[in-house]
Number of protein chains: 2
Amino acid sequence: VSTSRSSAIDDRVLKVAKVGLDAFGSDLRPGPEIEAALLAVEAGLAIELIGDRGRLEFELRAHAPRGGEGGGAIEVVHAPEQIAMDESPARAVRAKPDASLCVAVDRLATGELDAVVSAGNSGALLAAGLLRLGRLAGVDRPAIATTFPWVSHPTGHTVLLDAGANVECKILNLVQFAIIGAAYSRVEGGVERPRVAVLSNGAEVGKGTSLTRGTHEILSRWQGELGDQPGEGGFEFVGYIEPGELFSGACDVAVTDGWTGNVALKLAEAAMAAWPRMLHDALVATHESSDDREGADRITAAIAPALQSVSRRVDPEAHGGAPLLGVDGALIICHGAAGPRAILNALLMARRFAERGLTKAIGRALEHHGELFELARNLR
Amino acid sequence: VSTSRSSAIDDRVLKVAKVGLDAFGSDLRPGPEIEAALLAVEAGLAIELIGDRGRLEFELRAHAPRGGEGGGAIEVVHAPEQIAMDESPARAVRAKPDASLCVAVDRLATGELDAVVSAGNSGALLAAGLLRLGRLAGVDRPAIATTFPWVSHPTGHTVLLDAGANVECKILNLVQFAIIGAAYSRVEGGVERPRVAVLSNGAEVGKGTSLTRGTHEILSRWQGELGDQPGEGGFEFVGYIEPGELFSGACDVAVTDGWTGNVALKLAEAAMAAWPRMLHDALVATHESSDDREGADRITAAIAPALQSVSRRVDPEAHGGAPLLGVDGALIICHGAAGPRAILNALLMARRFAERGLTKAIGRALEHHGELFELARNLR
């Protein structure tokens with residue numbers, strides 16, 4: 001492992017993004033983080049591991065033969081404290097400025113890093129982002145974005161936000177999420193004119209809650225009266241979608257409050273994980289009853305590649321992380337239970353995020369919609 | 001088809017439940033309803049089909065050879081009007097007393113029927129239930145119950161309510177749903193002492209919304225201070241569960257507001273339906289790439305029995321309907337898109353519902369919890 005500063009400086013000169021990884025975030029910290037950092041270096045990334053230096057350098061030495069290839073490098077930045085999963089986020093961020101998560105976000109704020117990944121306390125990452133990076137102009141509340149795969153398209157997906165940053169939301173928040181989500185879909189997904197919808201419990205305008213109906217009204221009026229904005233702010237408002245349509249390709253972006261989005265995300269993950277297990281049990285049961293016990297194994301082996309291919313599409317480990325959008329910097333949140341592959345994917349996402357200038361693109365999109373936000377702010 | 005009144009009267013004397021079916025509810029009305037009624041009669045049920053008599057008798061004559069076996073019978077009761085899916089529920093129920101849905105609920109209210117099934121406008125069925133049956137003592141808002149299958153158990157499931165009757169709920173509503181759901185789990189699922197949870201976005205007490213935290217507080221205090229009620233009111237409060245735990249067997253009953261419950265139900269259905277389609281596409285893709293195009297068909301055929309067995313567990317068609325609990329009568333709601341098999345299963349559920357005296361059992365359970373409801377009513 002190279003821990004030399006020079007190779008990292010070369011990377012900066014070449015405009016290769018440097019990604020910081022909170023090494024003491026995940027449930028099994030720092031094992032998955034170290035493994036992910038080593039994999040990332042093999043993939044050519046410049047990684048800064050933030051956490052207890054003694055522990056990290058000890059662990060890295062054990063893996064020495066694997067690091068340093070392909071131009072990547074790992075640096076270690078010392079941060080003596082940690083924030084636990086059950087700590088009160090805002091209090092922990094204020095009380096522990098030397099926690100790995102806080103030091104990582106600080107280094108993003110000062111420009112020493114281009115993006116940060118953490119599998120730690122997501123509330124604390126949100127609080128640190130708000131306190132140390134600040135919000136982009138035009139953002140009242142940042143949002144966590146997650147994706148739902150389309151059944152009928154091998155790579156298509158719908159971006160849902162907010163997936164959990166704000167348990168309670170106002171109409172103005174959801175309207176801002178629409179702009180933020182559209183910018184994300186354009187930059188990260190390459191969708192030129194994203195179709196944006198409001199998640200509801202039915203297609204009719206009268207369905208939903210006062211929150212969804214107000215958001216629907218504002219976005220409809222915007223489309224009708226203010227006219228569409230060309231370029232970076234452009235999107236098409238397509239009305240309500242039902243929860244099942246998150247998998248159908250009916251829209252590119254769906255907005256909801258962080259409570260509903262978090263329930264939706266967790267239910268979809270659990271349902272997607274339940275299915276192959278139930279199929280396996282059913283295969284075993286049908287073959288046991290027909291006295292062909294080896295049949296289940298034979299078929300399981302035959303369908304294994306297809307099962308794995310579907311699992312990769314629906315598995316949160318494949319995405320790896322969810323970006324926190326609306327703060328002035330590239331922050332990616334991983335599950336506490338994230339393994340090395342999930343964290344690696346989050347690191348790759350963080351690099352794309354930084355190299356494509358996503359934060360700046362979201363900022364520009366928000367600038368175009370001041371009139372829309374005034375509409376939403378003045379409703380009721 | 002026997003449309004004689006005498007066989008139905010015999011059934012009543014023998015305490016066989018008579019189930020009314022709104023024949024003009026589903027999207028393809030009355031085709032699926034007639035098909036379901038004929039299947040139900042073959043299974044020995046006494047069915048009353050409610051709707052336009054001329055149309056129903058014409059359709060039934062075309063199927064004449066299939067009816068009348070096994071002691072079952074179909075009667076037709078005339079109802080000239082229909083309520084459409086997009087009509088305003090309360091207004092439609094008031095304006096159309098002769099609609100099939102209203103006549104069906106009226107006949108349940110007067111005791112001519114023991115249970116009613118409708119695949120029509122669910123809001124209208126709720127309104128008709130409230131207006132014509134009334135609520136059980138101790139119920140402020142009725143709730144729709146739905147079930148989530150447990151991954152690790154072939155028949156186990158968690159009852160979730162409210163799945164969509166009340167978009168906005170108070171703490172008192174969720175506390176009542178806990179009692180109603182526990183009684184349902186005991187009578188319909190045979191669970192002696194149901195474990196009741198509050199659906200939340202995390203396990204810690206501080207998670208959730210003011211609604212979930214208040215409900216958690218009341219049910220915890222009830223368990224600690226008031227002590228458990230023996231017999232029909234008994235249940236164990238197990239705290240928060242996360243959405244994914246609906247599939248894990250962590251609780252028998254989970255309570256939530258009707259907005260969240262409806263989103264959860266629709267997402268789970270869509271995710272479960274997405275899997276086999278994605279698996280099929282992946283099978284085709286992996287075999288096409290290996291130049292073995294028939295392989296996908298061969299494997300699909302081999303896994304078909306297991307796929308069907310999983311689909312039966314997760315498919316809403318298998319459950320058929322969702323009971324509306326808390327009104328003074330047995331009402332089962334089906335999807336508008338329900339087919340004959342779904343409606344048949346709802347009819348079988350309706351018969352069990354009536355024959356096991358579920359409505360009375362819920363009423364008795366509510367009686368035991370006046371003190372708990374006072375606690376909830378006085379919170380804040």
Side-chain angles (χ1 to χ4, degrees), chain A residues 86 88 149 151-152 154 164 167-168 199 201-202 204 206-210 242-248 256 258-260 262-287 290 295-296 298-299 302-303 305-310 313-314, chain B residues 86 88 148-149 151-152 154 164 167-168 199 201-202 204 206-210 242-248 256 258-260 262-287 295-296 298-299 302-303 305-310 313-314:
Chain A
D86 56 0
S88 162
V151 170
S152 53
V167 167
E168 284 172 24
L199 183 67
N201 58 346
E204 303 86 5
K207 289 271 187 177
T209 62
S210 56
E242 292 210 55
E245 292 180 282
L246 290 170
F247 303 103
S248 78
T256 189
W259 162 263
T260 306
N262 197 252
V263 169
L265 166 64
K266 288 176 173 168
L267 256 174
E269 281 179 1
M272 289 296 188
W275 213 95
R277 287 179 55 193
M278 290 196 283
L279 179 65
H280 178 260
D281 290 350
L283 279 170
V284 170
T286 53
H287 283 85
S290 67
R298 212 168 47 240
I299 293 180
I303 63 174
L307 273 177
Q308 277 161 22
S309 137
V310 178
R313 289 189 57 203
V314 302
Chain B
D86 56 359
S88 162
F148 287 75
V151 170
S152 52
V167 166
E168 284 172 25
L199 183 67
N201 58 347
E204 303 87 6
K207 289 272 188 177
T209 62
S210 56
E242 291 210 55
E245 292 179 282
L246 290 170
F247 303 103
S248 78
T256 189
W259 161 264
T260 306
N262 197 252
V263 168
L265 165 65
K266 288 175 173 168
L267 257 174
E269 283 180 0
M272 291 294 189
W275 236 107
R277 288 178 55 192
M278 290 194 285
L279 180 62
H280 178 261
D281 290 350
L283 280 170
V284 169
T286 52
H287 284 84
R298 210 168 49 239
I299 292 180
I303 63 174
L307 273 178
Q308 279 161 22
S309 138
V310 176
R313 290 189 58 204
V314 302

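Every chain is numbered from 1 and lettered A, B, ... according to where its sequence line falls, protein lines coming before strand lines.
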[X] versus [Y], closest heavy-atom pair with distance:
X	Y	result
B:Lys266	A:Gly202	NZ-N, 4.5 Å
A:Thr209	B:Glu168	CB-OE2, 4.5 Å
A:Gly244	B:Ala270	CA-CB, 3.3 Å
A:Ala282	B:Ala306	CB-O, 3.7 Å

| field | B:Leu267 versus chain A, the contacting section by heavy-atom distance below 4.5 Å | value | both
| field | chain A contact via B:Leu307 - which portion, at a heavy-atom distance below 4.5 Å | value |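 Both backbone and side chain of B:Leu307 come within 4.5 Å of chain A.
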| message | When you compare the side chain of B:Glu269 with that of A:Pro243, does any pair of heavy atoms fall below 4.5 Å? | response |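 Answer no - side chains too far apart.
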Among [options], residue most engaged with chain A (heavy-atom pairs, under 4.5 Å):
options	answer
B:Pro276, B:Ala268, B:Ala273	B:Pro276
B:Leu246, B:Thr260, B:Thr256, B:Asp86	B:Thr260
B:Val310, B:Asn201, B:Thr286	B:Asn201

| field | Inter-residue atom distance B:Asp281.CG - A:Arg313.CZ, 0.5 Å rounding | value |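 Between B:Asp281 CG and A:Arg313 CZ, I get 8.0 Å after rounding to 0.5 Å.
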| Do B:Trp259 side-chain atoms and A:Gly208 backbone N/O form a donor-acceptor pair below 3.5 Å? |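 No, B:Trp259 side chain to A:Gly208 backbone: no donor-acceptor pair under 3.5 Å.
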| query | When only pairs under 4.5 Å are counted, which of A:Gln308, A:Arg277, A:His287 shares the most heavy-atom pairs with chain B? | reply | A:Arg277
